Amino acid sequence: MTSLTIDDRYRTRTRHRLEPISRLEPTVWSGVDGPIGAATLAGHDSRGFSVHDELLGPDEVRAFRAELDRLAADEHLKTDERVIVEPRSRDVRSIFEVHKISPLIGELVQDPRVADRARQILGSEVYIHQSRVNYMPGFQGKGFYWHSDFETWHAEDGMPAPRAVSMSIALTDNYPFNGGLMVMPGSQRTFIPCVGETPDDHYKASLTAQEIGVPSQADITMLARTCGIDQFTGPAGSALMFDSNLMHGSGNNITPFPRSNIFLVFNSVQNLLADPFAASAPRPEFIATRL
Ligand code: 6CS
Ligand code: FE
């Protein structure tokens, strides 16, 4: 079941390589005011990401850290398909749809400091496309190879256009050395098609280690040479907002310092999911909300 009715401007997961595609849509949409200052908004528009210092205060960080510890210790929750565990240690790696599992995080996604920033960037009313908490533990934390989230959300969730924005709220200090997210500034303006057909139930593998929907080394090299590489570092409580099509990745964390975050993805209500553009069936609702 693949979208044939909507013109697919962002063809991907083909048998042969396709050339990079220049994005049509803006990074910051106009029309909705909000709490983001003009300089920060201009930076987001140009670089595809922005840092929001002290989004949460120290007491809030402590409360969310305790909530993550509570969730990770819930043995019953570990049997839930929304929980991704590290293969060997069975430590919790991620919990999806966490805004529905945790009332505290359910409140956070509606907090004006969070939702109004997303509305301002997307220029419309928004809804949660995906929420997750990531526990990148010390010593064993596994990173994610270079990818564009929109490439997956377009191919597997049927997201028509890159009119979605992610917010990663740090609950531990993000250092350059403990698996901090690396980004390519300005890369959101170029869509990199990927080679390789989407396997059935791909999410069961890709949420731990993505093999399909991964750009080629040649395209990553081209983008890195054009855009450079930056890294999000900052104290617990700070947040990174980044465009759905920004090329990003993270290294492993072999330090003793964990890197935990709350990861919220807001989609515009003008960009509702259609049928997958390059997959046999849509992914489950706990990964991609369908209104
Ligand atoms: O497939 C997804 O939706 C998830 N995968 C990655 C590597 N980043 C975005 C998202 O959480
Ligand atoms: Fe990602």
Side-chain angles (χ1 to χ4, degrees), residues 10 12-13 48-49 81-86 92-101 105 109 118 127-136 141-160 162-170 174 179-184 187-188 191-192 194 196 198-215 220 223 229-232 239-253 259-267 271 273 276-279 281-290:
Y10 297 107
T12 187
R13 309 280 172 101
F49 65 94
E81 65 171 338
R82 295 172 291 182
V83 180
I84 311 281
V85 294
E86 298 284 357
V92 175
R93 176 181 168 90
S94 297
I95 301 175
F96 280 85
E97 209 173 47
V98 70
H99 69 292
K100 291 184 180 172
I101 295 171
I105 297 175
V109 304
Y127 70 97
I128 290 285
H129 166 68
Q130 181 183 110
S131 73
R132 64 192 282 189
V133 286
N134 296 308
Y135 302 73
M136 185 184 264
K142 287 279 173 292
F144 275 104
Y145 190 67
W146 292 107
H147 64 283
S148 151
D149 294 338
F150 173 67
E151 192 279 340
T152 290
W153 297 340
H154 183 70
E156 301 189 52
D157 301 334
M159 185 181 281
R163 190 172 183 180
V165 66
S166 298
M167 178 184 276
S168 174
I169 304 172
N174 279 241
L181 204 65
M182 293 180 286
V183 294
M184 294 190 189
S187 61
Q188 80 281 2
F191 180 79
I192 304 290
C194 298
T198 308
D200 293 345
D201 287 340
H202 180 225
Y203 71 94
K204 289 181 181 166
S206 69
L207 296 178
T208 303
Q210 187 168 356
E211 307 281 334
I212 297 287
V214 170
I220 291 168
L223 266 189
I229 295 176
D230 213 339
Q231 185 165 39
F232 170 54
L240 173 75
M241 292 189 81
F242 62 100
D243 183 86
S244 61
N245 189 47
L246 190 75
M247 192 61 69
H248 63 287
S250 58
N252 292 341
N253 180 15
R259 187 175 70 83
S260 301
N261 68 345
I262 299 172
F263 180 77
L264 307 172
V265 183
F266 290 92
N267 189 23
N271 193 38
L273 304 188
F277 286 85
R283 299 196 297 177
E285 286 253 3
F286 69 83
I287 297 178
T289 304
R290 288 179 176 276

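Numbering of ligands and ligand atoms starts at 1, following listing order. Here the structure is a predicted model, which means the values were calculated and not measured.
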**OP:** Examine ligand 1 and decide if any of its atoms is less than 4.0 Å from a heavy atom belonging to L207.
**Re:** yes
Subject >> Side-chain H-bond candidate by donor/acceptor type, H202 with D200, under 3.5 Å >> reply: no
Original post:
Relative to the heavy atoms of D149, which atoms of ligand 1 are at a distance of less than 4.0 Å?
Top reply: 6 (C), 8 (N), 9 (C)
Original post:
Taking only heavy atoms of F263, which atoms of ligand 1 are found under 4.0 Å from at least one of them?
Top reply: 11 (O)
**OP:** Report the C-alpha separation of E151 and V214 in whole Å, then their side-chain angles, then the decisive distance to 0.1 Å, and conclude whether the side-chain contact (heavy atoms from CB on, under 4.5 Å) test is met.
**Re:** CA-CA 9 Å; E151 192 279 340; V214 170; over 6 Å; no
Original post:
Hey, does F232 have a side-chain heavy atom less than 4.5 Å from the side chain of H248?
Top reply: no
Original post:
Under 3.5 Å, is there a donor-acceptor pair between the S148 and N245 side chains?
Top reply: yes
Original post:
Are any of the N/O atoms in R132 less than 3.5 Å from those in ligand 1?
Top reply: yes
Original post:
Numbering the atoms of ligand 1 from 1, which are under 4.0 Å from a heavy atom of T152?
Top reply: 1 (O)
Original post:
In degrees, rounded to 10 degrees, what angle do H248 atom NE2 and D149 atom OD1 make at the Fe ion (ligand 2)?
Top reply: 90°
**OP:** Look at the side chain of T12 and the backbone N and O of C194, then say whether any donor-acceptor pair between them is shorter than 3.5 Å.
**Re:** yes
Original post:
Is a salt bridge present between R132 and E97, judged by a nitrogen-to-oxygen distance below 4.0 Å?
Top reply: no
**OP:** Closest by any non-hydrogen atom to atom 6 (C) of ligand 1: pick that one out of R283, H129, Q130, H147.
**Re:** H147
Original post:
Within less than 4.0 angstrom of ligand 1, does W153 place any heavy atom?
Top reply: yes
